[in-house]
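These notes concern the structure reproduced below.
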Amino acid sequence: MSSEKTPIAPGSNFIRNIVERDIEHGTYANRPWAGQPGDAATQATGTLDPAKIRTRFPPEPNGYLHIGHAKSICLNFGLARDYDGICHMRFDDTNPEKEEQEYVDSITDAVKWLGFSWDGFGTSHLYYASNYFDFMYRAAEHLIETDKAYVDQQTADEMRANRGTLTEPGKDSAWRNRPVAESLALFRDMRDGKHADGAMILRAKIDMASPNINMRDPAIYRIKRATHHNTGDTWCIYPMYTFAHPIEDALERITHSICTLEFEDQRPFYDWLLENLRDGGLLANPLPKQYEFARLNLTYVVLSKRKLIDLVENKHVNGWDDPRLPTLAGARRRGYTAEGFRLFADRIGVSKADSWIEYTILEDCMRETLNESAERRIAVLDPIKLVIDNYPDGQTEDCFAPNHPLHPELGKRVVPLSKELWIEREDFMETPSKGYFRLFPDNMVRLRYGYVVKCTGFEKDSAGNITTVHCEYLPDTKSGTPGADSIKVKGNIHWVSVPHAYPAEVRLYDRLFKEAHPGAGDRNYLDDLNPDSIKIIHAQLEPALKDANPEDHFQFERHGYFVADKKDSAPSMPIFNRAVTLRDVWQK
Ligand code: ATP
Ligand code: MG
């Protein structure tokens, strides 16, 4: 452990600088807010927005959140928290085909678990983009009426061919200059279900020769007969994401719309669209501004939705909350902490340059937060028996172990000692290697929180495996008594009393992939799966662990940080998951 304390206070970054500058200049100071999302007329009826800034976290409810999303959540909710603002929880559910309630629930769970809330200024800020379909339709008609959009009847192939390339301009569609009234009538027919899916499309009318391909008359509305989870069969036309997203931001009066770098080329269209709708009186000033940051890439992990679905559906893992998955549901079950994720987000910061973050940085954040918060307990993971031959049969006595060395106020607990104990197999060697200070014939060690014992012999089974070690204890040497220091020993081993032990299943999790960049080069990422990512063992735990509740975290002394599994644990067979080892075992 480094002795340096990590500040939890977030460091500065370019987005914070922008927010601070906007607050200083009063860019968003005089905005009315109607208390709900709405167009210019609605917002004009509002009073001064008590929120200094508005950010948003806008997932599509089509999958489980992963560690990359945690970066975005900590950034957006963290800015709102630190600058007297609010972060909206918005489900971007404009695509009718993919959304499910299961995803909505898992997403709200994960954001709350990370420690954030969308309640503020007397109200909840949980929004669904599909509630804005009426406005989006009106916005599209406005663009048509002002000759900023047209209905295109090219086939998909023609459209692709006429889009041009990075080096060649595109070509205007033959329908581009059709009369406004004709486009308007056709668009209404599209809405009324008079045309087949894909027969025509509404496009913005910008510039087919723009060097930015996203400005070459992007599609904004398509025909799609699909039942939407919220609006049912009301619509058979749906807005494209690039059209919907800026409007969602503007209706919600978002000030800083933060997204990942791949949207950088979309920013000109974002501004074009909102400025046109503002000029037409549909949206209120000041408009939201988009800022881009580098998404999280983490070594030893895949974060692509497609690969995560593949891992789950093809049973390389056991469901979305498998503790080896980088989903937030999995990480939580693994024993990772929300505090650790917040520390991680602050430590990696926010930048404009794509890079890879080492997985050990995440693990270190978990170790640091768990070291602070997790009580210590004793667990013997690979038990052999130690018999104290000179200890009275049937006797039990109390030893006292501190619950947390950094927090004496958490007190001590009783650890019962008796004649027969479980110790770790690796804490005994018949013939000690150089520098081995634990049990071997005639050597003395301290039984942690108990007595000094001297090894007097051992037994093996027919296969030559050690089954039992024998010793004698020195009655004056009990920890915490005046005689404790009378004999100095180099080894100190942990133990659990056999008659008091609490048997449990322990799941030793390790990284899901054995390569830092799964699937790099021309490898299939599945070939990089770590065959030893889980090892299930049967351990002997100290009896105090019977009181563990699901999701309680502990440091098992000398082993690492563990959590009581919240799903599979049963009173008859408790289960503990290893979150992270005490030290980095992957560093070469
Ligand atoms: P898809 O590939 O389906 O678009 P997505 O991972 O972008 O998936 P969304 O639900 O659209 O999923 O993401 C919600 C928010 O999380 C977005 O604002 C997105 O920018 C952010 N986000 C997603 N992945 C990462 C990542 N690896 N690092 C940082 N932010 C991310
Ligand atoms: Mg996305």
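Indexing begins at 1, ligand by ligand and atom by atom, following the structure's order.
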If you measure from each heavy atom of His66 to ligand 1, is any distance below 4.0 Å?
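Checking ligand 1 against His66, which is what was asked, there is a heavy-atom contact under 4.0 Å.
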Quick one: does Phe263 get a heavy atom under 4.0 Å from ligand 1?
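No, that is not the case, since the closest heavy atom of the residue is not under 4.0 Å from the ligand.
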Heavy-atom distances under 4.0 Å are what count here, so tell me which part of Arg295 touches ligand 1: side chain, backbone, both or neither.
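It is both backbone and side chain that touch ligand 1.
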In terms of side-chain geometry, is the basic nitrogen of Arg333 or Asp568 positioned less than 4.0 Å from the acidic oxygen of its partner?
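Yes, this pair counts.
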Do Asp49 and Arg54 sit within salt-bridge range, that is, some charged N less than 4.0 Å from a carboxylate O?
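Judged by the 4.0 Å cut-off on N to carboxylate O distance, Asp49 and Arg54 do form a salt bridge.
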Could you walk me through whether Phe57 and Ser72 satisfy the side-chain contact (heavy atoms from CB on, under 4.5 Å) test, starting with their C-alpha distance in whole Å, then the side-chain angles of each, then the deciding distance to 0.1 Å, before giving a yes or no?
CA-CA 7 Å; Phe57 175 63; Ser72 175; 3.6 Å; yes
Is it the case that more than 12 heavy atoms not belonging to Leu48 sit under 6.0 Å from its CG atom?
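Buried by this count: over 12 neighbours within 6.0 Å.
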Under the 3.5 angstrom rule, does the side chain of Gln43 hit a backbone N or O of Gln36 as a donor-acceptor pair?
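Confirmed, Gln43 side chain pairs with Gln36 backbone.
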Is a side-chain N or O of Thr231 found less than 3.5 angstrom from the main chain of Thr234, in a donor-acceptor match?
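No, because the side chain of Thr231 does not come within donor-acceptor range (under 3.5 Å) of the backbone of Thr234.
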Among Gly68, Ala345, Gly63, Cys259, which one has a heavy atom closest to atom 29 (C) of ligand 1?
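Residue with the shortest heavy-atom distance to the ligand atom: Gly68.
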For atom 21 (C) of ligand 1, which candidate among Pro326, Ser304, Ser72 provides the closest heavy atom?
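The option holding the nearest heavy atom is Ser72.
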Would you check the N or O atoms of Lys71, main chain and side chain alike, for any that come under 3.5 Å of an N or O of ligand 1?
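N/O-N/O distance below 3.5 Å does not exist for this pair.
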Numbered atoms of ligand 1 (with element) below 4.0 Å of Leu296, judged on heavy atoms:
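Here the atoms of ligand 1 in question are 26 (C), 27 (N), 28 (N), 29 (C).
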